[in-house]
Amino acid sequence: LAAAEEEVGALKGQATAAQAAAADKSQYEEQMESLEKELERKTRFLTEASENSARLELDLKFVREKLTMEKAQAEKLLRGLARLGEVVGVEGVRADAQSARQRRSSAEQRDV
């Protein structure tokens with residue numbers, strides 16, 4: 001009878017250990033599922049951030065090219081204006097971009 005009681009006690013201990021292992025496994029699976037969802041969310045966020053970064057780089061490149069073209073056009077117009085001034089006989093028209101910036105700066109100061 002004592003041997004049977006020991007065997008029952010051992011079986012109860014094994015059952016308790018099995019239940020604890022099952023609970024640990026369930027908790028582990030829940031934790032893994034939560035981590036997988038978090039990883040998926042962060043991966044989506046990183047993908048969106050990369051796409052936005054690429055879009056902004058393209059926009060910046062476009063703006064720089066547009067600015068370069070506008071500067072070239074302004075310089076061309078200033079040179080044409082200087083030639084026209086020479087033909088008409090108006091003095092003081094300079095074709096360099098620095099003088100144009102100076103004129104814009106002084107005009108802005110007058111407006112203030």
Enquirer: Working to the nearest 0.5 angstrom, can you tell me the gap between Glu7 CD and Gln14 CD?
Expert: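 Rounded to the nearest 0.5 Å, the CD-CD separation comes out at 9.5 Å.
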Enquirer: Show your reasoning for whether salt bridge (charged side-chain N to carboxylate O under 4.0 Å, His left out) applies to Glu33 and Lys37.
Expert: CA-CA 6 Å; Glu33 186 177 318; Lys37 286 180 182 178; 3.6 Å; yes
Enquirer: Tell me, please, which residues at least two apart from Asn52 pass side-chain hydrogen bond (donor to acceptor under 3.5 Å, both in side chains).
Expert: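 With sequence neighbours excluded, Asn52 shows a side-chain hydrogen bond (donor to acceptor under 3.5 Å, both in side chains) to Arg55, given in chain and number order.
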Enquirer: I'd like a table of donor-acceptor pairs (distance under 3.5 Å, sequence neighbours excluded) in which one partner is a side-chain atom from residues 15-32, with atom names and distances.
Expert:
residue	atom	partner	partner atom	Å
Thr16	OG1	Lys12	O	2.8

Enquirer: I'd like to check the salt bridge (Lys or Arg N to Asp or Glu O under 4.0 Å) partners of Arg41; sequence neighbours left out, ordered by chain and number.
Expert: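 Partners of Arg41 by the salt bridge (Lys or Arg N to Asp or Glu O under 4.0 Å) criterion, ordered by chain and then number, come out as Glu38.
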Enquirer: Hey, what do you get for CD (Gln73) to CG (Leu78), rounding to the nearest 0.5 Å?
Expert: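 One gets 11.0 Å once the value is rounded to the nearest 0.5 Å.
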Enquirer: Can you tell me how far apart OG (Ser53) and CG (Leu58) are? Round to the nearest 0.5 Å.
Expert: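 Answer rounded to 0.5 Å: 9.5 Å.
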Enquirer: Who are the salt bridge (Lys or Arg N to Asp or Glu O under 4.0 Å) partners of Glu40, not counting sequence neighbours?
Expert: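 Partners of Glu40 under the salt bridge (Lys or Arg N to Asp or Glu O under 4.0 Å) test: Arg44.
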Enquirer: Suppose the criterion is salt bridge (charged side-chain N to carboxylate O under 4.0 Å, His left out): which pairs have a residue in residues 57-68, not counting sequence neighbours?
Expert: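 Sorted pair list comes back empty.
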Enquirer: Can you sort out the partners of Val88 under side-chain contact (heavy atoms from CB on, under 4.5 Å), two or more places apart, ordered by chain and number?
Expert: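 Val88 satisfies side-chain contact (heavy atoms from CB on, under 4.5 Å) with Leu84, Val90 only.
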